[in-house]
2 protein chains.
Amino acid sequence: MNSQSNEIKKDYDFINESLINVYDSIMRIEESEIRRSRFKDITAKEVHLVHTIGLHDRKTTSQVAHILKLSKGTLTANLNTLERKGYVMRIANQEDHRIINLGLTSKGRLLYRAHDAFHKLLVQRFLKGFDNDEIHLIKQAMVNLEEFIDEVSAK
Amino acid sequence: MNSQSNEIKKDYDFINESLINVYDSIMRIEESEIRRSRFKDITAKEVHLVHTIGLHDRKTTSQVAHILKLSKGTLTANLNTLERKGYVMRIANQEDHRIINLGLTSKGRLLYRAHDAFHKLLVQRFLKGFDNDEIHLIKQAMVNLEEFIDEVSAK
DNA sequence: CTAATTTAGTTCGAATATCAAACTAAATAT
DNA sequence: ATATTTAGTTTGATATTCGAACTAAATTAG
């Protein structure tokens, strides 16, 4: 094996290990960032839920459960906690009284923005030192990954 | 805002959303790949454990617990299941009788290699269409990310 | 226009997962 | 030899999740 292809193998292996490690770590540092913030009563999972509800404002409970791939029962349990803690609102639907629409309280939106800011910082660091063309290329790799995920999911 | 910087913002936003989504999805497709394979009695978490034990052969229970950031009690519980299912071996240490070294059975190694092959495929698809320089660049972005993670973890 | 059916969300019971503290046995230090 | 430390297991408490049964509301069929 020549030293050139050896380099490439190293890059491959590094990326492989990285893809496995990084996501675990991101969950972990999100948790520790929250512990350091003013929102101490919240777990990483709960932030994930607040993020999803913030992103999909006024969706129904069933829609959010589907997006998060949680059972309705599990979502109900999580909503009770997040409502009690004051991050999420259940909004009765006037047209259809079976439906509950979900939204964030102002405290929930504060958490949403804090979490979003942290993620923006993460992406900035991910892309540190790259020019626009290079960033576009990295984006393309993420597109590849999502395509692969979609393919496998569809099987 | 000109169209150039708008493009870049789009790339940023896409990468941001992607980084959040992809982890969840990878866990999910790993689970569904396992269900389709001959190793149907295994969860994604358990594969993760088998992967770690395979990667760090003959490490002690405490070392593996530390690597996985699990309590020793939790690891013991998981080891019991994986030993019962025939993927993992506890190996008594001859020098120090308190220590248990962990290893994979041949069935465990089969699972390890199947899982590894799936990850290699994932990385191939991630890097599809890029030349060596571009792959090196993408690797550098992963290095950036790990550096950021290490920094935040150390705080 | 009722009846039956479907739909949205909650409740409940069972199964798992996790942690931290107490515990056991072995090794090391005093 | 005795006390302390270390490695791993056990135990009890708490969390999470699921799916099935349930309630209430909306829709459909007769």
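Every chain is numbered from 1 and lettered A, B, ... according to where its sequence line falls, protein lines coming before strand lines.
For B:Arg109, there are no salt bridge (charged side-chain N to carboxylate O under 4.0 Å, His left out) partners at least two apart in sequence or on another chain. The salt bridge (charged side-chain N to carboxylate O under 4.0 Å, His left out) check on B:Lys120 picks up B:Asp116, with sequence neighbours excluded. B:Lys107 pairs by the salt bridge (charged side-chain N to carboxylate O under 4.0 Å, His left out) definition with nothing, not counting sequence neighbours. Take B:Asp96 and apply the salt bridge (charged side-chain N to carboxylate O under 4.0 Å, His left out) test, not counting sequence neighbours, and it matches B:Arg98.
The list of salt bridge (Lys or Arg N to Asp or Glu O under 4.0 Å) pairs with a residue in residues 75-87 of chain A, not counting sequence neighbours, reads A:Glu46-A:Lys85, A:Glu83-A:Arg90. Sorted by first and then second residue, the salt bridge (Lys or Arg N to Asp or Glu O under 4.0 Å) pairs with a member in residues 127-136 of chain B form an empty list; sequence neighbours excluded. Within the structure, salt bridge (Lys or Arg N to Asp or Glu O under 4.0 Å) pairs that include any residue of residues 29-39 of chain A comprise A:Glu31-A:Arg35, A:Glu33-A:Arg36, A:Glu33-B:Lys155 (at least two apart or interchain). Within the structure, salt bridge (Lys or Arg N to Asp or Glu O under 4.0 Å) pairs that include any residue of residues 50-60 of chain B do not occur (at least two apart or interchain).
Without hydrogens or angle criteria, B:Thr105 side chain to B:Tyr87 main chain gives a donor-acceptor distance under 3.5 Å. Looking only at distances, no side-chain donor or acceptor of A:Glu146 sits under 3.5 Å from a matching main-chain atom of A:Val143. In terms of modelled atom types and a separation under 3.5 Å, the side chain of B:Ser18 and the main chain of B:Ile15 share no donor-acceptor contact.
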For each nucleotide in nucleotides 12-19 of chain D, reading 5' to 3', give B when a protein heavy atom comes within less than 4.0 Å of its base, S when such contact involves only the sugar-phosphate, and - otherwise.
-> ----SSBB
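Residues A:Leu102 and A:Leu70 are members of one and the same hydrophobic cluster, defined by side-chain heavy-atom contacts under 4.5 angstrom among Ile, Leu, Val, Met, Phe, Trp and Tyr.
Paired runs in DNA chain D that reach 3 or more consecutive Watson-Crick or G-U pairs, where each pair keeps both distances under 3.5 Å, cover C:4-15 with D:16-27, C:17-30 with D:1-14.
Other residues, nucleotides and ligands contribute more than 12 heavy atoms inside 6.0 Å of the NZ atom of A:Lys40.
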Taking only N/O atoms, report every protein-nucleotides 2-5 of chain D pair under 3.5 Å with atom names and distance.
none

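Summarising the geometry, the separation between CD1 on A:Ile100 and P on D:dA25 is reported as 11 Å, rounded to the nearest angstrom.
Protein chain B contacts DNA chain C over a range whose 5' and 3' limits, counting nucleotides with an atom under 4.0 angstrom from a non-hydrogen atom, are C:dA17 to C:dA27.
Classified by its glycosidic torsion, D:dA15 falls in the syn category, the angle being within 90° of 0. By the rule that a glycosidic angle within 90° of 0 means syn, C:dA3 counts as syn.
The residue B:Glu95 sits close only to the backbone: its heavy atoms come under 4.0 Å of sugar-phosphate atoms, none of a base.
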